[in-house]
Amino acid sequence: PISCNRPTRDVRSAITEAEWLEAMSDRRIPDGSPIWAGLDVAWKWDTTALVPLWIPEAEFRLFGEATILEPPRDGSSLDPTKVEDSLSALAHRYALHTVVMDTSRAEQLAEWIRAELDVNVVDRVQTNALAVQDYERFMEALRMGYLHHSGDVGLTSHALNAIARILPGGDARFDRPAASRTDAEAQGRRVIDGLTAASMVHSQMVADMTAVAVAPPRAIDLSSL
């Protein structure tokens, strides 16, 4: 069950508790299923989040249990082998075929994923333009009832932490509420990395589905008939 333990919420909250509760599903990703994964990497203050996405049909998209790795927050960095172990476990349980991540923060990790797991890596930089796209596609799918989750506590916390930040042009993106970045207790209430990972991988999946849908039919080689 979802338990938020949050007495007050920012009026700019991107996702309401009612919306998130409505999206919860009893279905789980079957072992061995082909999945995507979103990976948001941070080494010192923010968390690293790994979120699997299963799409058995276009109008049912299920986020599985998120892996949330907290750094020491003492000035030292998160051990990279913990991220590798989490990816290996996900690839062992499911048929992981694509990881969507911002490789500028983790170039060596991206190469490790390709070489050691034989998994495709899609580089999705976290610019405002792409963040707006991630927000719009995620919120539209949530409204349409396409997006679902298992009630995972980590992903739920990060999704409900997020606010909608309005950019100068009027577009919106997911963002973290303001708080002291160096206060470890406050930092736990402002991390949204699970949502960032989920929205990135979902957005890339939508882009790929759209590209397939609008692709012209392949020409037929009549000489072979």
Exercise. Run the numbers on Arg143 and Glu140 for salt bridge (charged side-chain N to carboxylate O under 4.0 Å, His left out), then give the verdict.
Key: CA-CA 5 Å; Arg143 288 192 301 271; Glu140 179 184 30; 5.5 Å; no

Quiz prompt | ring-ring contact (aromatic ring centres under 6.0 Å, His included) between Phe60 and His148, worked out | solution = CA-CA 7 Å; Phe60 187 89; His148 300 274; 4.5 Å; yes

Practice problem: List the steps and the verdict of side chain to side chain contact (heavy atoms under 4.5 Å, CB included) for Val99 and Asn120. | Solution: CA-CA 6 Å; Val99 172; Asn120 181 44; over 6 Å; no

Exercise. Carefully, step by step, assess Arg176 and Asp193 under the rule side chain to side chain contact (heavy atoms under 4.5 Å, CB included).
Key: CA-CA 9 Å; Arg176 65 190 74 246; Asp193 309 295; 3.9 Å; yes

Self-check item: side chain to side chain contact (heavy atoms under 4.5 Å, CB included) between Leu117 and Ser88, worked out
Solution: CA-CA 7 Å; Leu117 300 182; Ser88 294; 4.0 Å; yes

Quiz prompt | Check against side chain to side chain contact (heavy atoms under 4.5 Å, CB included), Met101 and Val121 | solution = CA-CA 7 Å; Met101 62 184 291; Val121 174; 3.9 Å; yes

Quiz item: How far apart are the C-alpha atoms of Asp74 and Ser76, what are their side-chain angles, what is the distance that settles it, and do they pass the side-chain hydrogen bond (donor to acceptor under 3.5 Å, both in side chains) test?
Solution: CA-CA 6 Å; Asp74 60 1; Ser76 59; 2.4 Å; yes

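Pairs of residues two or more places apart, or lying in two chains, that qualify as salt bridge (Lys or Arg N to Asp or Glu O under 4.0 Å) and include a residue from residues 115-134 are Arg124-Asp134. Screening residues 21-36 for side chain to side chain donor-acceptor pair (under 3.5 Å), with sequence neighbours left out, gives Asp31-Arg93.
Here the CD1-CD1 distance, from Ile15 to Ile192, works out to 9.5 Å after rounding to the nearest 0.5 Å. Of the inter-residue distances, the one linking Leu155 atom CG with Leu50 atom CG reads 11.5 Å to the nearest 0.5 angstrom. Atoms CZ and OG1, on Phe174 and Thr196 in that order, are 8.5 Å from each other to the nearest 0.5 Å. To the nearest 0.5 Å, atoms CG (Leu90) and CG (Asp85) are separated by 12.5 Å. A distance of 8.5 Å separates OG in Ser199 from CD in Gln126, rounded to the nearest 0.5 Å.
Across Pro52 and Ile29, no two heavy atoms sit closer than the pair CB-CD1, 4.2 Å. The two atoms that bring Ala23 and Leu142 nearest to each other are CB-CD1, 3.8 Å, heavy atoms only. Shortest non-hydrogen contact noted between Thr103 and Ala110 is CG2-CB, 3.8 Å. The two atoms that bring Ala141 and Arg61 nearest to each other are CB-NH1, 3.7 Å, heavy atoms only. Minimum heavy-atom separation, Arg137 to Ser203: NH1-O, 2.9 Å. Across Glu70 and Leu78, no two heavy atoms sit closer than the pair O-CD1, 3.8 Å.
Side chain of Arg173 to main chain of Arg165: no donor-acceptor pair is present (N/O by atom type, distance under 3.5 Å, no hydrogens or angles). Trp43 places a side-chain N or O within donor-acceptor distance of the main-chain N or O of Arg105, the cut-off being under 3.5 Å. Side chain of Lys44 to backbone of Gly75: a donor-acceptor contact under 3.5 angstrom is found. Here the side chain of Ser157 pairs no donor or acceptor atom with the backbone of Gly154 at under 3.5 angstrom. Side chain of Thr48 to main chain of Ala42: a donor-acceptor pair is present (N/O by atom type, distance under 3.5 Å, no hydrogens or angles). In this structure a side-chain-to-backbone donor-acceptor pair under 3.5 Å is present from Thr16 to Glu19.
Transitive grouping of hydrophobic side chains (ILVMFWY, heavy atoms separated by less than 4.5 Å) brings Met200 and Leu53 into a common cluster. The hydrophobic cluster containing Leu96 also contains Val41, counting ILVMFWY residues as joined when their side-chain heavy atoms lie under 4.5 angstrom apart, directly or transitively. Each of Ile35 and Val201 belongs to its own hydrophobic cluster when Ile, Leu, Val, Met, Phe, Trp and Tyr are linked at side-chain heavy-atom distances under 4.5 angstrom. Leu147 and Trp54 fall into different hydrophobic clusters, where Ile, Leu, Val, Met, Phe, Trp and Tyr are joined by side-chain heavy atoms under 4.5 Å apart, directly or via other members. Under the 4.5 Å side-chain heavy-atom criterion for grouping Ile, Leu, Val, Met, Phe, Trp and Tyr, Val191 is not connected to Leu69 through any hydrophobic cluster.
The aromatic rings of Phe138 and His202 lie perpendicular to each other, with more than 60° between the two planes, well past the 30° mark.
Within a 6.0 Å sphere centred on CD of Glu84, other residues, nucleotides and ligands contribute more than 12 heavy atoms. The number of heavy-atom neighbours closer than 6.0 Å to CD of Glu57, taken from other residues, nucleotides and ligands shown, is above 12.
For the pair Tyr135 and Met139, the minimum side-chain heavy-atom distance is below 4.5 Å. Trp45 is not listed as a side-chain neighbour of Pro72, based on a closest heavy-atom distance of 4.5 Å or more. In this structure, the side chains of Val83 and Leu109 come closer than 4.5 Å at one or more pairs of heavy atoms. With contacts defined as side-chain heavy-atom distances shorter than 4.5 Å, the pair Asp171/Ile166 does not qualify. A heavy-atom distance below 4.5 Å is found between the side chains of Val100 and Thr98. Taking the side chain as every heavy atom from C-beta outward, His158 and Thr47 approach each other to under 4.5 Å. For the pair Gln133 and Val206, the minimum side-chain heavy-atom distance is 4.5 Å or more. Put simply, the side chain of Asp40 does not reach to within 4.5 Å of the side chain of Asp102, judged on heavy atoms.
Between the side chains of Asp152 and Ser150, no donor N or O sits under 3.5 Å from an acceptor N or O. Using modelled atom types and a 3.5 Å distance limit, the side chains of Asn161 and Arg190 yield no donor-acceptor pair.
When hydrophobic residues (I, L, V, M, F, W, Y) are linked wherever their side-chain heavy atoms come within less than 4.5 Å, the members clustered with Leu130 are Val125.
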